[in-house]
Amino acid sequence: MPFCLYNCRFYVHLKSNRTLLLCPTRHVRSRSLTVQSSGIISSDPAMASNPVRVAAVQMTSINELAANFATCSRLVKEAVAAGAKLVCFPESFSFIAAKDGESVKLAEPLDGPIMQRYCLLARESGIWLSLGGFQEKGSDDAHLRNTHVIIDDSGNIRSSYSKIHLFDVDVPGGRVYKESSFTEPGKDIVAVDSPVGRLGLSVCYDLRFPRLYQQLRFQHEAQILLVPSAFTTITGQAHWEILLRARAIETQCYVIAAAQAGKHNEKRESYGDTLIIDPWGTVVGRLPDRISTGITVADIDFSLIDSVRAKIPIAKVRVFVLFKFSYL
């Protein structure tokens, strides 16, 4: 449950063990989260010196499982032909509902036939898959989880993350969205090792909450942040690239943002513009058409990650803010 803080004071712990009071504030809301970490950071010197190729998908999913799977299969083949070791799909890659309630009705556990078909695709193709925003069955028949799934090249599910920040928004000039009415929020922060580096998982609206990405970088040593999304056209035009580049710069990580694009049905349209961004904030992968279906590829350069972090060593000079407060 969220709680309200009153007369909250911020304290900063410095390296000298001195404590400074910053400023009082009021009505700060907070929610406890647990942190999940999968795997151990690789110390393979070959990975540190050799770039590894990744692919990011741009597509227009619809409310037909078979049609979406056919598109995904074709794009996986393109990614393999391009030499990618990981291909990243957008939120709702397997299904986008045309009517209210369709997604909840379709939702399955991760060992159900829909996800197992993608596991088989990964194994047969010999490639890792990032499947962002799968409709995983929730704790009751009225809810699902918006789950980001990582599958390895043997077809095994290596890790999964359920979206924490749900899209309850009145879009200016657009629709009112209430994702929490049918979706259970996640509680775990998830990072996992892969052949392309250490991955920090998120989904779409999480992008607006930088603390999640700070934790992925500084507590779990992520090298690549995955942001599979289905941004609205209005918010995408205003904020998409700016937010993604900011997350890359402030964490000094690669960001891979696979995007839904174009018109899914009469009620829903997505902004598109799949991007791959390096730790300096430079866009290194982008399709020429913002709403076309296809892939963009880029090489993950581990020496660039090390160089950026060494020249601007923010990890060494971070200031930790603690809360001291009294309840209402």
Side-chain angles (χ1 to χ4, degrees), residues 41-42 44-58 78-79 82-90 127-128 130 132 148 150 191-204 206-210 212-229 231 236 239-259 261 271-290 294-318:
I41 298 171
S42 174
D44 183 356
M47 176 177 284
S49 59
N50 297 324
V52 185
R53 184 157 293 179
V54 296
V57 166
Q58 189 170 283
E78 291 184 18
K85 300 298 182 184
L86 167 73
V87 57
C88 301
F89 285 88
I127 194 170
W128 283 57
S130 162
H148 185 168
I150 301 295
V192 60
D193 286 328
S194 79
V196 303
R198 188 157 178 80
L199 309 175
L201 308 190
S202 66
V203 178
C204 199
D206 285 330
L207 179 60
R208 294 184 181 272
F209 301 87
L212 169 62
Y213 301 94
Q214 298 284 323
Q215 289 178 278
L216 286 168
R217 158 71 205 279
F218 296 110
Q219 293 184 22
H220 299 284
E221 303 189 33
Q223 297 167 301
I224 303 168
L225 303 174
L226 305 182
V227 193
S229 299
F231 256 53
H239 302 146
W240 172 247
E241 183 176 338
I242 296 170
L243 288 169
L244 290 167
R245 293 180 70 186
R247 297 297 89 85
I249 293 165
E250 69 197 11
T251 62
Q252 300 172 323
C253 291
Y254 278 90
V255 170
I256 303 176
Y271 178 67
D273 199 18
T274 287
L275 296 173
I276 303 175
I277 301 167
D278 74 15
W280 191 246
T282 303
V283 175
V284 294
R286 177 181 239 155
L287 276 77
D289 183 342
R290 178 173 60 80
I295 64 169
T296 184
V297 299
D299 292 333
I300 303 299
D301 185 346
F302 299 100
S303 64
L304 177 61
I305 298 175
D306 293 341
S307 175
V308 170
R309 293 179 180 183
K311 291 176 180 177
I312 306 180
I314 57 176
K316 294 181 179 179
V317 295
R318 293 176 70 229

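Predicted, not measured: the structure shown is a model, and the values here were computed from it. Numbers for residues simply follow the sequence, beginning at 1.
Judged by distance alone, with hydrogens and angles left aside, the side-chain atoms of Arg309 form no donor-acceptor pair with the main-chain N or O of Pro279 at under 3.5 Å. For Thr282 (side chain) and Val284 (main-chain N/O), no donor-acceptor pair under 3.5 Å exists by modelled atom type. Gln58 places a side-chain N or O within 3.5 Å of a backbone atom of Asp289 that can act as its donor or acceptor partner. A donor-acceptor pair under 3.5 Å is absent between the side-chain atoms of Ser130 and the main chain of Val87, judged by distance alone. In this structure, the side chain of Thr296 does not engage the main chain of Ala56 through any donor-acceptor pair within 3.5 Å. With hydrogens and angles disregarded, no donor-acceptor distance shorter than 3.5 Å links the side chain of Asp299 to the backbone of Asp301. Between the side chain of Gln214 and the backbone N or O of Thr251 there is no donor-acceptor pair closer than 3.5 Å. Checking side-chain atoms of Arg245 against main-chain N and O of Ile277 turns up no donor-acceptor pair under 3.5 Å. A donor-acceptor distance shorter than 3.5 angstrom exists from the side chain of Trp240 to the backbone of Asp273, with no hydrogens or angles considered.
Once rounded to the nearest 0.5 Å, the distance linking OH of Tyr271 with CD of Glu241 reads 7.5 Å. With rounding to the nearest 0.5 angstrom, the CG atom of Leu86 is 8.5 Å from the CD1 atom of Ile300. Here CH2 of Trp280 is found 8.5 Å from CD1 of Ile249. Values are rounded to the nearest 0.5 Å. Summarising the geometry, atom NZ belonging to Lys85 is positioned 10.5 Å from atom CZ belonging to Arg53; distances are rounded to the nearest 0.5 Å. Taken to the nearest 0.5 Å, the CZ atom of Arg286 stands 11.5 Å off from the CD1 atom of Ile276. Rounded to the nearest 0.5 Å, atoms CD (Gln223) and CD1 (Ile305) are 5.0 Å apart.
Of all heavy-atom pairs between Cys204 and Ser229, the closest is CA-OG, 3.3 Å. In plain terms, the two heavy atoms of Val52 and Phe302 that are nearest each other are CG2-CE1, 3.7 Å. The two residues Ser202 and Tyr213 have their closest heavy-atom pair at OG-OH, 2.9 Å. Nearest heavy-atom pair across Ala315 and Arg217 is CB-NH2, 3.7 Å. Between Pro313 and Ala310, the shortest heavy-atom contact is CD-O, 3.8 Å. When all heavy atoms of Ile314 and Gln252 are compared, the closest pair comes out as CG1-OE1, 3.4 Å.
The side-chain contact (heavy atoms from CB on, under 4.5 Å) test with Leu199 is passed by exactly one of Leu225, Leu226, Ile256: Leu226.
Between Val227 and Arg247, the closest side-chain pair of non-hydrogen atoms is not below 4.5 Å. The side-chain heavy atoms of Leu207 and Phe231, taken from C-beta on, include a pair separated by under 4.5 Å.
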